[in-house]
There are 2 protein chains.
Amino acid sequence: MTTIKEIAQMAGVSSATVSKVLNGKDKSISSATRERILRIVEEQGYIPNGIAKSLRIKSTKTFGLIIPNVTNPFFSELAKGIEDASEAEGYSLILCNTYGKDNREKQYLRILEEKKVDGAIIAASTKEDIEVIERVSFPIVLLDRDIEVGSNIGKVIVDNEYGGYVATKHLAQIGCKRIGHITSSLKDNPSNNRYKGMLRALEELDLEIDHNLYHFGKFSIDTGYEGALEIASKQNIDGIFCGNDIIAIGAINGLKEMGYKIPNDIKIVGYDDIYISKYIDPPLTTIRQPIYSIGSNAVDLLLNMITKNGKDIKRKLIPQLVIRESAK
Amino acid sequence: MTTIKEIAQMAGVSSATVSKVLNGKDKSISSATRERILRIVEEQGYIPNGIAKSLRIKSTKTFGLIIPNVTNPFFSELAKGIEDASEAEGYSLILCNTYGKDNREKQYLRILEEKKVDGAIIAASTKEDIEVIERVSFPIVLLDRDIEVGSNIGKVIVDNEYGGYVATKHLAQIGCKRIGHITSSLKDNPSNNRYKGMLRALEELDLEIDHNLYHFGKFSIDTGYEGALEIASKQNIDGIFCGNDIIAIGAINGLKEMGYKIPNDIKIVGYDDIYISKYIDPPLTTIRQPIYSIGSNAVDLLLNMITKNGKDIKRKLIPQLVIRESAK
DNA sequence: CTGAAAGCGCTAACAG
DNA sequence: CTGTTAGCGCTTTCAG
């Protein structure tokens, strides 16, 4: 492996000089030597050892990304947004899938500490492992987790309460009277807030709040399917607000199997506006999360926290109703 | 930041001793000192600096994963499989999205060299940038790219020719006479082989090969949609073999819009068997790729190449027909 | 304009 | 059973 020392020898200079040239700190290097060095670097195909550099400068130009599961379209789109934004700033991304298991989150945090990442972005864990997160030695940005935490932790949140409110109000406006709800556990922060938003809308509109119309499971197709069967078989409903699009897809499947027509018999609103939602049958009315923007805001906050040690530590984004066939 | 030296001081030993204990090379350390060290490590919440360690041992316990786009369900499932397998072996994963741009692949390779990853897994780029790949200093496993390369490059391939053959034969067996095909560019290795498999089946069955029935674009929903419109509007077809499930979803959308009934009028076979394929309407008949197995095989090969310097450098997997409503 | 020297935090002989 | 020493490849004063 070629080292900076070898390059220096070939150029007849010291490694300090090569280092300066390579890092653009070469205001005081004669252009003759600069050119000579650059030529040799080129010829030799020299690639600096980033590990040695990191050890010295105490920065790895790497972030960690902790999410439940890349396989979930919402998180894969998020990962993409974050990777893009990071890459644009010269940072790489270490991918960590927790599958919602608390101890995996802890393990990954430990690994990221050893790897000396410059920061991490964490999206969702059911359990509030805040003590662990607060002890970590690098800046962290939390996604969609609107809770009180130490001041060294950034937050990007999308107004889930508002999203739930808008979704429900839309269903009511197009004529629904008995609105069901299928979502993940209420221990899950985003679910909880969307649920609250729904309740607020219901109260405001003077619609009945019937807990038999609500089904709680996971953010999965299966939960959507099972929830739909359960609610629709026992109750008389004309609309369902689903906690995310994946659940909505499962619910639509279940309802179709039972012979219901969407949207004629039952109208469906999802949440997230993932990529496929406009391609399913019928195209899904949903609450669009500004996924890409969540990602870039998260990276931006992280950068702020790293460099400027800023106290601009929280961003709030607004979701948006997208009306398609499933509820119009 | 606590260092190994500080821990050593507190324990009244040398850092060498602490290092041995921490790395399980402590056969010759008295259990008294071992315990004392471990206790102090615990008390101090000491976390070793992995960068310093990596510099010394010349291994980062990190792999790179280069894919076109995590947002594509096939790749997100692949990423998950690879992350799982890597994590199980104590390796982290750096995620790299190329969006199919050749220069991004090159850039990422460069970054991974600087970051001194222990290996990388590369899934697909249209252009064969093999020269670049062959110059890289760490072991690489190529996915789904059955081309001749240097002996320091591993390969995991799924028999795409066979997959295309099986898909086409199935369509013929259930009565299709005029079979269309929508896929990405034939410069794309997997597409090309699936296409060849289709042609082989067609010849074998003595079915007409009409190039007006074939549409080439990208592995995207839009290509599926446009391809379906184009082929079905001008030609009389009764079946379409789609290069992947995403394309199939787009095609089904287009065909429905044109008033065709699936599978009654036109039968559809996809490729990949991504997560949602069984939930779309109608559920998709497709060629299932052993995605998870691709991931674990890739990691396994990489490990082989790293440790055993083995010449077991190629794995071939077989895809499998999954019959659902869209073509049965 | 350039170089010598120190040191980032760790591990691996080797010596005792 | 434990410590000394050297050094991984780089950057950064500081001196010249």
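Quick note on labels: first sequence line is chain A, next is B, and so on, each numbered from 1. Atom set for the values below is all heavy atoms of this structure, side chains included, hydrogens, waters and symmetry mates excluded. Every value quoted in this text rests on a predicted model; they were computed, and no experiment measured them.
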- request: Establish, with yes or no, whether the OP1 or OP2 oxygen of dC8(D) is under 4.0 angstrom from a side-chain nitrogen or oxygen of K53(B).
  value: no
field: Whole-Å gap separating P (dC1(C)) and CD (E35(A))
entry: 13 Å
- line: R34(A) atom CZ is separated from dT2(C) atom C1', nearest whole Å, by 13 Å
Side chain to side chain contact (heavy atoms under 4.5 Å, CB included) partner of I122(B), chosen from L65(B), L109(B), T98(B), I67(B): L109(B)
message: With a 4.0 Å cut-off on N to O distance, would you call R39(B) and E43(B) a salt bridge?
response: yes
message: Judged by each residue's nearest nucleotide on DNA chain D, which is more toward the 5′ side, T2(A) or G12(B)?
response: G12(B)
- prompt: Pairs in or reaching into residues 30-54 of chain A: which pass ring pair (Phe, Tyr, Trp, His ring centres under 6.0 Å), with residues at least two apart or in two chains?
  reply: none
query: Out of dT2(D), dG3(C), dC10(C), which has the shortest distance to the side chain of S30(B)?
result: dT2(D)
- prompt: Any side-chain N or O of T33(B) under 4.0 Å from OP1/OP2 of dT2(D)?
  reply: yes
message: So if I take every side-chain heavy atom of I4(A) and compare against dT11(C), dT4(D), dC10(D), which nucleotide ends up nearest?
response: dC10(D)
query: Given atom NZ of K58(B) and atom P of dC10(C), what is their separation to the nearest angstrom?
result: 17 Å
- line: Which of dT11(D), dG9(D), dC10(C) is nearest the side chain of A52(B)? It is dC10(C)
query: Nearest nucleotide by nearest heavy atom, which residue falls closer to the 5' end of DNA chain D, R56(B) or V13(B)?
result: V13(B)
message: Tell me whether R36(A) contacts the main-chain N or O of A11(A) through its side chain, where contact means a donor paired with an acceptor under 3.5 Å.
response: yes
Spacing between L22(B) atom CG and dA12(C) atom P, to the nearest angstrom: 13 Å
- request: Report yes if the side chains of L93(B) and F63(B) come closer than 4.5 Å at any heavy-atom pair, otherwise no.
  value: yes
message: Does dT11(C) have its OP1 or OP2 closer than 4.0 Å to a side-chain nitrogen or oxygen of S19(B)?
response: yes
task: For the pair K53(B) and E114(A), find out whether any cationic side-chain nitrogen is under 4.0 Å from an anionic carboxylate oxygen.
output: no
field: Nucleotide nearest K25(A) (side chain, heavy atoms from C-beta), chosen from dG9(D), dT12(D), dA13(C)
entry: dT12(D)
query: Please give, in whole Å, the distance from dC8(C) P to E114(A) CD?
result: 20 Å
query: What integer distance in Å separates K116(A):NZ from dC8(C):C1'?
result: 12 Å
- request: Report yes if a side-chain nitrogen or oxygen of S15(A) is closer than 4.0 Å to either non-bridging phosphate oxygen (OP1 or OP2) of dC10(D); otherwise report no.
  value: no
message: When you measure only distances, ignoring hydrogens and angles, does the side chain of K20(B) come within 3.5 Å of the base of dG3(D) through a donor and an acceptor?
response: yes
message: I want to verify a distance call: between dG9(C), dT11(C), dT4(D), whose nearest atom is closest to the L55(B) side chain?
response: dG9(C)
task: For S14(A) and for I51(B), find the nucleotide of DNA chain C with the closest heavy atom, then tell me which residue's nucleotide is more 5'.
output: S14(A)
task: Would you indicate, yes or no, if dC10(D) has its OP1 or OP2 atom less than 4.0 angstrom from a side-chain nitrogen or oxygen of Y46(A)?
output: yes
task: Tell me whether the OP1 or OP2 atom of dC10(D) has a side-chain N or O from K5(A) closer than 4.0 Å.
output: no
Rounded distance in Å - CD (E113(B)) to P (dC10(D)): 13 Å
message: With a 4.0 Å cutoff (strictly under), does any side-chain N or O of N49(A) reach OP1 or OP2 of dC8(D)?
response: no
- request: Mind checking I57(B) for me? I need base, sugar-phosphate or nothing, with any heavy atom below 4.0 Å counting as a touch.
  value: sugar-phosphate
